Amino acid sequence: MMISFRLKAVGVLSGLLLLAGVAGAAEVFEPGAVWPDDQGQHIQAHGGGVIRLGDTYYWFGEDRAQTNGRGWRCVSCYSSKDLAHWTHRGQVFRARQLPEFTRGWILERPKVFYNAKTKKYVMYMHLDGPMAGQPGSYAMARVGVAVCDTVDGQYQFVKSFRPLGQQSRDIGQFIDDDGAAYLIFEDRPNGFHIAQLSEDYLDVAKEVCLIPEHLEGGAVVHYQGLYYAIGSHLTGWGANPNVYATAKSLAGPWSEFRDLAPRELNTYGSQSSMLLPVTGTKGTTVIFMGDIWKPESQWDSRYLWMPLQIGDGRMWLPAPQKWSLDMKTGVAEILQR
Ligand code: GAL
């Protein structure tokens, strides 16, 4: 387990001293706080995903800024080398209308994959909206695909479809150690899909596993020879106790799902979005990336990023508190209780 608890080690020091002690050496994260970008604006990358290209991380997500203008759906891109300080690279996708979607359409949980063969960046997004003859505002249940030649250019919309012919709402992204790219999607009638993308990433090619559990906010990480999958129950913007399962192969069999945090605390008010491994000279920290949704003021929705306690088939999300990450060693430390 790569997380050490500094308070236990140097319990006599005050929180302030602890913070002073790590300044410069490691980046400090404050779950739930306003997270300003390089322009001083709260980061707009809700329901997002992070990819690493060389030594730079790119964070894509729903841009719900109040200044976006009525009717626009936007995706923003940010870059960082330390995961703590993010530069806004701009809105990389903006649309008011899309083919086949009517008024009230929805764009959520964008994820970007880099295809080394085609040298294209391929964005997947959950596209939804009302559909004639169907109840509810999430009736279309499709994924959208947009492509770009550069990571932070303007992505051009290509198409939307139902992956493997199935309903798809929340999506997640997983890139395995061999570079293979997977889309995780929630299919209301059937469950939690892990599906491999086609060679050019423009399609969802084949089912790798269908876990017959109804879970959203799906994410997967590969850690010390085991796959860990997480998800939240279906309670809309309201938080619920997120759960995890493990398997030796992506195709399963998967263990039963277990709680990720104390049940009654509803994942500390957050919902899973991604599991991000950061490997350094001393090991790997897996970061739980969650959203703390504020449905009445979505632009102010917060992020809960915390290092997970993970290993030997167990995963645990510690209570949110300040923590630091040493990008060189890959070691995270929790700073305050
Ligand atoms: C959540 C989902 C969000 C959004 C919301 C709408 O369960 O994870 O992405 O779709 O429902 O109620």
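One-based numbering, in listed order, for ligands and for the atoms of each. Quick caveat, the model's predicted, so the values are computed rather than measured.
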Asks: Just to be sure I read this right, does ligand 1 sit under 4.0 Å from the backbone of Arg169, its side chain, both, or neither, counting only heavy atoms?
Replies: neither

Asks: For Gly236 and ligand 1, does the shortest N/O to N/O distance drop below 3.5 Å?
Replies: yes

Asks: Are Trp59 and Trp305 close enough that their ring centers fall under 6.0 Å?
Replies: yes

Asks: Just need the protein heavy atom nearest to atom 8 (O) of ligand 1, so name the residue and atom and give the distance.
Replies: Asp170 OD2, 2.5 Å

Asks: Do you see a donor-acceptor pair shorter than 3.5 Å between the side chains of Gln166 and Asn190?
Replies: yes

Asks: Using ring centroids (six-membered ring only for Trp), state whether Tyr303 and His46 fall under 6.0 Å.
Replies: yes

Asks: Relative to the heavy atoms of Glu108, which atoms of ligand 1 are at a distance of less than 4.0 Å?
Replies: 3 (C), 4 (C), 9 (O), 10 (O)

Asks: Report yes if some N/O of Glu62 lies less than 3.5 Å from some N/O of ligand 1; otherwise report no.
Replies: no

Asks: Give the atoms of ligand 1, by number and element, whose distance to some non-hydrogen atom of Glu216 is under 4.0 Å.
Replies: 1 (C), 2 (C), 7 (O), 8 (O)

Asks: For residues Ser76 and His88, is any side-chain donor paired with an opposing acceptor at under 3.5 Å?
Replies: yes

Asks: To which protein heavy atom is atom 9 (O) of ligand 1 closest, and what is the distance rounded to 0.1 Å?
Replies: Arg109 NE, 3.0 Å

Asks: Taking NZ, NE, NH1 and NH2 as the nitrogens, is one of them in Arg302 or Glu30 under 4.0 Å from a carboxylate oxygen of the other?
Replies: no

Asks: Considering distance alone, does some N or O of Gln271 sit under 3.5 Å from an N or O of ligand 1?
Replies: yes

Asks: Begin from the C-alpha positions of His193 and Cys209 and carry the test side-chain contact (heavy atoms from CB on, under 4.5 Å) through to its verdict.
Replies: CA-CA 6 Å; His193 291 266; Cys209 192; over 6 Å; no

Asks: Quick check, are the ring centers of Tyr155 and Phe93 under 6.0 angstrom apart?
Replies: no

Asks: Got the closest protein heavy atom to atom 6 (C) of ligand 1, with its distance?
Replies: Tyr138 OH, 3.3 Å

